[in-house]
Novice: 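Supplied in structure tokens, the structure appears directly below.
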Amino acid sequence: MEDEWLWGWDPTPGIVSVWAEPGGRATVWRRDPVTGELVREVERFRPWMLLDRIDDLRHLGSALGGDIEGSARIRYRELDGAGALRFLVSADDARTLSDAVLAGAAIRLGRPVRHVAELGDGVLSLPPEEQYLVTTGRTYFRDLSFDHLRRLQFDLETTGLDPRRDRIFMVSVRHPDGSLDVLEARDATDGGEADLIRRLVDVVRASDPDVIENHNLHGFDLPFLDRRARRLGVPLALGRIGPPGLRQRAARRGAAAGDSDERRRVRLMAPGRELIDTLDAVRRYDFSTRELPSHGLKAVARHLGVARPDREYVRGDQIYTVYQRDPDRIRRYATADVEEVAAIARLLGGAAFALAQMAPRRYERLADAGAATGVIDPLLVRAYLRAGAALPAHEPGDGTPHSGAALYLFASGVARRVVKADVASLYPSLMRAYHIGPSRDRLGALLALVDRLVEQRLLAKARARAAPAGSAERHTHEAMSAAMKIVVNSAYGYLAAGGELTRFADVHAANEVTRRGREVLELMCRELAARGATLIEADTDGVYFAAPEAWSEADERRVVSEVAALLPSLVQLELEGRYAAMLSHEPKNYALLVYDGDLLLRGVAFRSSRAEPFGERFLRRAISGLLVDDVVGVRDAYLATVAALRRRTLSTYDVSSRVRLTKTPVQYIASREKRRELPYEAMLASGRASWSAGDRARVYRTSSGQGKVVTEPDDGPEGAADPRDYDVDHYVRVLRESFAVRLARAFTGEDFAAIFADPDQPSLFEPSIETIRPILTITSQQRVFGPPGE
DNA sequence: TCATACCGGGG
DNA sequence: GTGTACGGTATGA
């Protein structure tokens, strides 16, 4: 039973796309796992919905029948249990069904009802494909691996970002076999662009991919292409069946629908193909790893090591101008884009592929779905219907506030021999250990799913390890493990999400999980402190502590496993990292020195996109010195930076900071008299009076107190001006007040003043920097767990 | 200065 | 007929 809840039950292999219509017709595309051949099958299914009452259909008289005598036009069946959605009704055609429900509701309410959505939570009505998948027990991709899919990538190059004004002038295409195409408009006219779009459609149809991929496909390329095709009257026949034109579905993270309703957001669909956005995969990946510097295509490709060394880079706003004088460069650029998308999709897209083997939703929906409402809810709906059990309706909470995790700062300053111990997947482990599930889940389906997923994930991980590195087999198992992790880790979020979002939400259960979590964290801290550890910081599921000088690495591991043994079974404490030293600044703001010499900076205080490059460099150098007890080195870093500013040996770029211009020129001019703002003054003073809201620029302050713009290093050879007319005193102040202060917790007030004293204003007595040592200050919260070593 | 709103991406 | 969270930045009181 639990296996059916997780995987469905119908073994039909090779489904790569499903398109279903309210009339009860489902078209299923399947790829033979052995030959790779594509078949298209048309199936009948019986559209259905769930209702909280059957009396709205009594007006049908004899046209309404129980499930068993299958001749009535509309049939129903009453499900077991107390759930509010207890009537499963079905008809040959979804419109017959909804018309009947709407008519009955209109009679009951005494007013016209136009859409089932108006009936709120009294109805559960899924999109046709999901009705089909839920009742058949089929899922996508059985017996297929990711590499069986025919995937095509295309990327538009346009003259700008606004489809009302700008045009497509180039499209790069990567075909499923890896071959590349660059299509170009023959001229900058409507006719040239229309012809380009026609050729793109032809190329896609000839390649006949199951999947179309790009980075920000749903946020940029598809809406742009759709708008241009409409304007130019070109039929956009990208789907496999039906009339040309893309279809729409409502989607929170979609693009503006472009009609009267400004807030309506949609994503576009093409029947028979799955439209996959690698930006979704990147976000999902970074959600757990949090290691990506940006979610942009280029940054991600570099980070994942799939960017070629000779990769062409061109700044977005220069693409069309560069194209006009050096088209080859843009061809190489656009080609690299689709190649990187293909590589990223394979590296990060496996999780969604694996989710589609479990949940009864289209692959493209699972690729952009949130795990709680997007994956767990559909799994539970299918489980309940399979068991013939009534489903609860959404219910708002009873007003009980949701309580969160604990966060402690025990000590700030510099600590040595630092250990991070944490519990992997704490919340789902607590749910399993203490059987904390939604109170309305009478089948216990959520906990059963979590149990199964945790067990099967261990299997998938073992199989991945056993498979050869780089093999398709390893990719499959790693992707499955990633998918299972996504679902397991969102089980708690599902409970806590609130009743409007998830069907079985239960704030009491969620609070019980966090309460147990705080209990576990406190136990961990208490027991570590009792064994001699100096606690530094603890948060949710992990703790940083400093080991006494006499401890060896083996001692550290022994103590962690001793404490681990005291925790509930299924809750596994692990030693996650060991560090030579740590600068603890504020909760979640710290620097770590790894034993191999690497310096890790965490938190807003230590990394900010606005920080001036010279300050960031100083901070790294000063903290590196600090963490090896080289206080003279800290002072030297400071003196060297002050000197470099005063002698202007630092470049203009080094003192500039990156800002975002949120006002348009018109808006700024209007408010300028009231308040002058440096970034905008800088734009005006640098002769760049036209910018768009949202543009970024690097600005700095000149000795005359004005702002000026400095060109970005990737602006190309055009601009490399370096006038060094910056305000030295201002930046010396920034150095001390914005950067040096990050080290304040490491010293007494007197020592800090001595280290960061201005070299040009010698004090009466020269303190000896050599004798200063960094300190660690124990804060009062340490006492909660008793002093260490007692 | 602190709270809160909103963005993340694409040419 | 949908729906993350989280960390950072931009904004207004």
Side-chain angles (χ1 to χ4, degrees), chain A residues 115-120 123-128 130 155-163 165-170 214-225 248-255 263-267 277-280 282-284 286-288 290 292-300 314-323 330 333-334 337 341 365 368-377 394 486 489-490 492-494 496-503 505 588-589 602-605 607-611 657-663 675 677 679 692-694 696:
Chain A
H115 201 281
V116 288
E118 291 174 47
L119 300 176
V123 183
L124 168 66
S125 168
L126 299 178
E130 294 177 21
D155 185 47
L156 306 184
E157 302 305 328
T158 67
T159 59
L161 292 171
D162 184 353
R165 193 180 60 210
D166 301 308
R167 285 188 190 288
I168 306 166
F169 67 90
M170 179 188 284
N214 195 18
H215 202 68
N216 205 14
L217 178 71
H218 288 287
F220 179 72
D221 297 78
L222 283 177
F224 199 108
L225 180 61
Q248 295 189 340
R249 67 180 159 98
R252 176 72 157 204
R253 294 216 321 252
R263 291 154 310 169
R264 203 165 77 90
R265 316 209 120 241
V266 296
R267 284 195 171 201
D277 195 331
T278 45
L279 180 57
D280 293 323
V282 163
R283 293 213 254 241
R284 184 177 266 167
D286 200 39
F287 179 62
S288 57
R290 291 215 229 104
L292 294 174
S294 134
H295 294 168
L297 174 67
K298 281 76 174 169
V300 174
V314 182
R315 233 181 57 188
D317 59 3
Q318 297 184 343
I319 285 172
Y320 189 54
T321 39
V322 171
Y323 175 70
I330 300 304
Y333 167 86
D337 274 4
V341 164
R365 279 288 290 112
D368 78 292
T373 51
V375 183
I376 294 183
D377 231 33
H394 288 99
I486 287 169
N489 285 342
S490 65
Y492 163 75
Y494 184 93
E500 294 83 35
L501 295 172
T502 57
R503 198 162 291 283
K588 294 184 167 189
N589 282 271
R602 292 281 153 73
V604 229
R607 38 194 314 179
S608 151
S609 68
R610 277 205 332 199
S657 106
R658 201 163 129 89
V659 296
R660 194 188 169 98
L661 305 166
T662 53
K663 296 177 182 173
R675 197 156 63 97
E677 297 173 68
S692 324
R696 289 175 201 277

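Convention: sequence-line order gives letters A, B, ...; per-chain numbering from 1.
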Novice: Could you tell me whether a side-chain N or O of A:His218 sits under 3.5 Å from a main-chain N or O of A:Leu279, the two making a donor and an acceptor?
Specialist: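 Not a single qualifying donor-acceptor pair exists.
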Novice: Rounding to a whole Å, what distance do you find between A:Ile319:CD1 and B:dG9:C1'?
Specialist: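 Going from CD1 in A:Ile319 over to C1' in B:dG9 covers 13 Å.
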Novice: Over all strands shown, is A:Leu161 touching base, sugar-phosphate only, or nothing at heavy-atom distances under 4.0 angstrom?
Specialist: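 Since a base atom lies under 4.0 Å of A:Leu161, the category is base.
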Novice: Describe the nucleic acid contact of A:Arg167 in one word from base, sugar-phosphate, nothing, applying a heavy-atom distance below 4.0 Å.
Specialist: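 Result for A:Arg167 = nothing.
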Novice: Check the distance between C:dG8's C1' and A:His295's NE2 and give it to me in whole angstrom.
Specialist: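 Rounded to whole Å, this separation is 12 Å.
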Novice: If you look at every strand shown and take non-hydrogen atoms under 4.0 Å, does A:Leu217 touch a base, only sugar-phosphate, or nothing?
Specialist: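 It contacts nothing in the nucleic acid.
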Novice: Taking only the side-chain heavy atoms of A:Ala117 (C-beta and beyond), determine which of B:dG11, C:dG1, C:dG3 contains the nearest atom.
Specialist: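 The answer is C:dG1.
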Novice: So A:Ala371, base contact, sugar-phosphate only, or nothing? Heavy-atom distance under 4.0 Å.
Specialist: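 Since no nucleic acid heavy atom lies under 4.0 Å of A:Ala371, the category is nothing.
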Novice: Quickly work out the A:Leu156 CG to B:dG9 C1' distance and round it to whole Å.
Specialist: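 Taking CG of A:Leu156 and C1' of B:dG9, I get 14 Å after rounding.
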Novice: Contact class for A:Leu126 (heavy atom, under 4.0 Å): base, sugar-phosphate, or nothing?
Specialist: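 The residue A:Leu126 makes no contact with any strand.
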Novice: Over all strands shown, is A:Asp155 touching base, sugar-phosphate only, or nothing at heavy-atom distances under 4.0 angstrom?
Specialist: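 Here A:Asp155 touches the backbone only, sparing every base.
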Novice: From the set B:dG9, C:dT2, B:dG11, return the single nucleotide nearest to any side-chain atom of A:Glu157.
Specialist: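 Comparing B:dG9, C:dT2, B:dG11 against the side chain of A:Glu157, the answer is B:dG11.
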Novice: Could you check how far CG of A:Leu279 sits from P of B:dC7, rounded to whole Å?
Specialist: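 Taking CG of A:Leu279 and P of B:dC7, I get 15 Å after rounding.
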Novice: OP1 or OP2 of C:dG1 versus the side-chain N and O atoms of A:His115: is any pair under 4.0 Å?
Specialist: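 Affirmative; the distance criterion is met.
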Novice: Say you pick atom P in B:dC6 and the same atom in C:dT4; how far apart are they, in whole Å?
Specialist: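 About 16 Å, rounded to a whole number of Å.
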Novice: Please measure how far the P atom in B:dG9 lies from the corresponding atom in C:dT9, and state the result in whole Å.
Specialist: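 Going atom to atom, P in each nucleotide, I get 13 Å.
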Novice: In whole Å, measure the gap between the C1' atoms of B:dG10 and C:dG3 for me.
Specialist: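 Per the computed distance, 24 Å lies between those C1' atoms.
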Novice: Is A:Glu118 reaching over with its side chain to a backbone N or O of A:His115, donor-acceptor style, under 3.5 angstrom?
Specialist: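 Confirmed, A:Glu118 side chain pairs with A:His115 backbone.
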Novice: Starting at CZ of A:Arg284 and ending at P of C:dG3, how long is that distance when rounded to a whole Å?
Specialist: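 Going from A:Arg284 (CZ) to C:dG3 (P), I get 11 Å.
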Novice: Under 4.0 Å between a side-chain nitrogen and a carboxylate oxygen: does that hold for A:Arg283 and A:Asp368?
Specialist: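 So A:Arg283 does not pair with A:Asp368 through a salt bridge.
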Novice: Is A:Asp162 salt-bridged to A:Arg167, going by a charged N under 4.0 Å from an acidic O?
Specialist: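 Salt bridge: no.
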Novice: For A:Ile486 and C:dA5, what is the distance between atoms CD1 and P respectively, to the nearest whole Å?
Specialist: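 Distance, rounded to whole Å: 15 Å.
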Novice: Please pick, from B:dG11, C:dG3, C:dT2, the nucleotide with the shortest atom-to-atom distance to any side-chain atom of A:Thr373.
Specialist: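 The answer is C:dG3.
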Novice: Under 4.0 Å between a side-chain N or O of A:Ser294 and OP1 or OP2 of B:dG9?
Specialist: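 Answer is yes, contact under 4.0 Å.
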Novice: B:dG9 P sits how many Å from A:Asp280 CG, rounded?
Specialist: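 Rounded to the whole Å, the gap is 13 Å.
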Novice: Which is true for A:Asp337 with a 4.0 Å heavy-atom rule: it touches a base, it touches only sugar-phosphate, or it touches nothing?
Specialist: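 Sugar-phosphate only.
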Novice: Could you tell me whether the phosphate oxygens of C:dG3, OP1 or OP2, come under 4.0 Å of any side-chain nitrogen or oxygen in A:Arg267?
Specialist: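 A:Arg267 to C:dG3 OP1/OP2: no side-chain N or O under 4.0 Å.
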Novice: For A:Tyr320 and A:Asp166, does a side-chain donor sit closer than 3.5 Å to a side-chain acceptor?
Specialist: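 Short answer, no.
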Novice: Only counting residues at least two apart or in another chain, list the ones meeting side-chain hydrogen bond (donor to acceptor under 3.5 Å, both in side chains) with A:Tyr323.
Specialist: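 Testing A:Tyr323 for side-chain hydrogen bond (donor to acceptor under 3.5 Å, both in side chains), a comparison that skips the adjacent residues, returns A:Glu184.
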Novice: Rounding to a whole Å, what distance do you find between A:Tyr494:OH and C:dA5:P?
Specialist: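 These atoms are roughly 14 Å apart.
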Novice: Check every atom of B:dG11, C:dG3, C:dT4 against the side chain of A:Arg283 and return the nucleotide holding the closest atom.
Specialist: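 So the side chain of A:Arg283 is nearest to C:dT4.
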